[in-house]
Amino acid sequence: MKVLVAIKRVVDANVKVRVKADGSGVDLANVKMSLNPFDEIAVEEAMRLKEQGVVSEVVAVSCGPAACQETLRTAMAIGADRGVLIETETALEPLAVAKLLKALMDKEAPQLVLLGKQAIDDDCNQTGQMLAALAGRPQATFASKLDIVDGKARVTREIDGGLETVQIALPAIVTTDLRLNEPRYATLPNIMKAKKKPLDTTTPAQLGVDVTPRLATLNTAEPAARAAGIKVPDVATLVAKLKNEAKVI
Ligand code: AMP
């Protein structure tokens, strides 16, 4: 069985992002970029299914500029067998990515598509759900456990107050949550091997997908700076302030 894993190149989680002076977005010049952490978990899960003998091929796909090749190589260093870059300079919205992934699903016919539950740059949490709708396939989001049993995906999800386990027919779309697994480090020999793995490039036009943005960002702003705290002399003053000024008790 073939698994398609969608991976996004995002600003590294440790970077403190700066907003551009004109408020049009976030400054990406000279910023460290990485594989979206939830997608790293998705690649790891695909590898574990391969190691269990359930999966025969893991294909990583990324949509974006040529620099996404580097992100695909990272996924291949973790273990993905090959990569597909859907190359475009256009800023992609989740619906555009979902349409591109649907077009690739039609070509590759995977039994399982794994995505992160969200990209840590736009925090949209939309692409997997949109892909499932476009493909007309079952979806299980926020997976914290994934098993393939009797040709079906059994997915445990963390919900308010407990765990929910759902079973969905394949082909299916599954999005990963933080506790699904702990991704392995790519070893140096695997990083070297990844350089030789096949990486195909296609474009939205070749896949027949229009990726023209539908949304306009009106403004991007830094969060308001926090006001400095104060010291109170005793508990009575603290309680009085919480009651009369903050009005929280
Ligand atoms: P989002 O809906 O933007 O929060 O993204 C959810 C998931 O969709 C990500 O974790 C990725 O698995 C996938 N995804 C989003 N954008 C891209 C992209 N440009 N290329 C490949 N996968 C993507």
Side-chain angles (χ1 to χ4, degrees), residues 3-13 17 25-26 28 33-47 58-76 78 80 82-105 107-108 110 112-135 137 139-144 146 155 157 172-181 183 199-204 206-207 209-215 217 220:
V3 178
L4 196 62
V5 189
I7 61 164
K8 186 175 187 186
R9 177 179 168 85
V10 296
V11 174
D12 187 89
V17 289
V26 162
L28 295 179
M33 305 291 282
S34 295
L35 170 56
N36 182 44
F38 292 106
D39 306 351
E40 200 175 346
I41 292 171
V43 178
E44 173 66 35
E45 196 61 20
M47 292 321 300
V58 177
V59 183
V61 52
S62 192
C63 317
C68 294
Q69 285 183 16
E70 190 194 343
T71 321
L72 285 163
R73 294 284 172 208
T74 305
M76 290 190 266
I78 298 171
R82 60 186 172 92
V84 178
L85 169 63
I86 305 177
E87 191 174 346
T88 175
E89 289 296 328
T90 307
L92 295 172
E93 292 166 2
L95 181 59
V97 177
K99 286 179 182 171
L100 293 170
L101 295 176
K102 157 78 171 64
L104 197 66
M105 263 181 92
K107 268 180 84 173
E108 295 274 352
L112 182 66
V113 185
L114 288 174
L115 301 92
K117 73 167 177 182
Q118 74 195 63
I120 62 162
D121 52 2
D122 58 20
D123 277 343
C124 278
N125 176 11
Q126 295 171 0
T127 311
Q129 295 88 329
M130 286 177 168
L131 174 61
L134 290 173
R137 299 306 315 169
Q139 61 174 306
T141 54
F142 299 13
S144 61
L146 168 63
V155 178
R157 316 176 59 240
I173 318 294
V174 173
T175 73
T176 62
D177 209 340
L178 198 60
R179 274 173 285 274
L180 180 59
N181 61 50
L199 198 168
D200 295 327
T201 300
T202 181
T203 62
Q206 280 167 351
L207 292 171
V209 176
D210 176 9
V211 293
T212 311
R214 293 163 168 244
L215 305 173
T217 301
T220 310

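Both counts, for ligands and for their atoms, begin at 1 and track the order of listing.
Counting heavy atoms from C-beta on, the side chains of E108 and V84 come closer than 4.5 Å. A heavy-atom distance below 4.5 Å is found between the side chains of L85 and L72. With contacts defined as side-chain heavy-atom distances shorter than 4.5 Å, the pair L100/L92 qualifies. Residues V3 and E45 form no side-chain contact, since every pair of their non-hydrogen atoms from C-beta on lies 4.5 Å or further apart.
Of all protein heavy atoms, the one closest to atom 10 (O) of ligand 1 is D39 OD1, 2.5 Å. With respect to atom 16 (N) of ligand 1, the closest heavy atom belonging to the protein is K8 CD, 3.3 Å. In terms of protein heavy-atom proximity, atom 18 (C) of ligand 1 is closest to C63 O, 3.7 Å.
Inclusion of A6 in the set of residues having an N or O under 3.5 Å from an N or O of ligand 1 is warranted. The shortest N or O to N or O distance between N36 and ligand 1 is below 3.5 Å. For the pair V97 and ligand 1, the shortest N or O to N or O distance does not fall below 3.5 Å. At least one N/O-N/O distance between G116 and ligand 1 falls below 3.5 Å.
The shortest heavy-atom distance from V61 to ligand 1 is under 4.0 Å.
Contacts between I7 and ligand 1, counted as non-hydrogen atom pairs separated by less than 4.0 Å, involve the backbone only. Residue-level proximity to ligand 1 for T127 is carried by backbone and side chain together, each with a heavy atom below 4.0 angstrom.
Listed by number with element, the atoms of ligand 1 under 4.0 angstrom from any heavy atom of C124 are 1 (P), 2 (O), 3 (O), 4 (O). If you number the atoms of ligand 1 from 1 as listed, the ones under 4.0 Å from a heavy atom of A119 come out as 1 (P), 3 (O), 4 (O), 5 (O), 6 (C). Of all atoms in ligand 1, numbered sequentially from 1 with element shown, those under 4.0 Å from a heavy atom of L115 are 8 (O), 12 (O), 13 (C). Distances below 4.0 Å separate heavy atoms of N125 from the following atoms of ligand 1: 1 (P), 2 (O), 4 (O). Per-residue contacts place D122 under 4.0 angstrom from the following atoms of ligand 1 (heavy atoms of the residue considered): 1 (P), 3 (O), 4 (O).
Side-chain atoms of N36 come within 3.5 Å of backbone N or O of I120 as a donor-acceptor pair.
Ion pairing between D200 and K107 fails under the 4.0 Å rule for side-chain N and carboxylate O.
Tested against L101 for a side chain to side chain contact (heavy atoms under 4.5 Å, CB included), the candidates L131, L207, V209 yield a single pass: L131.
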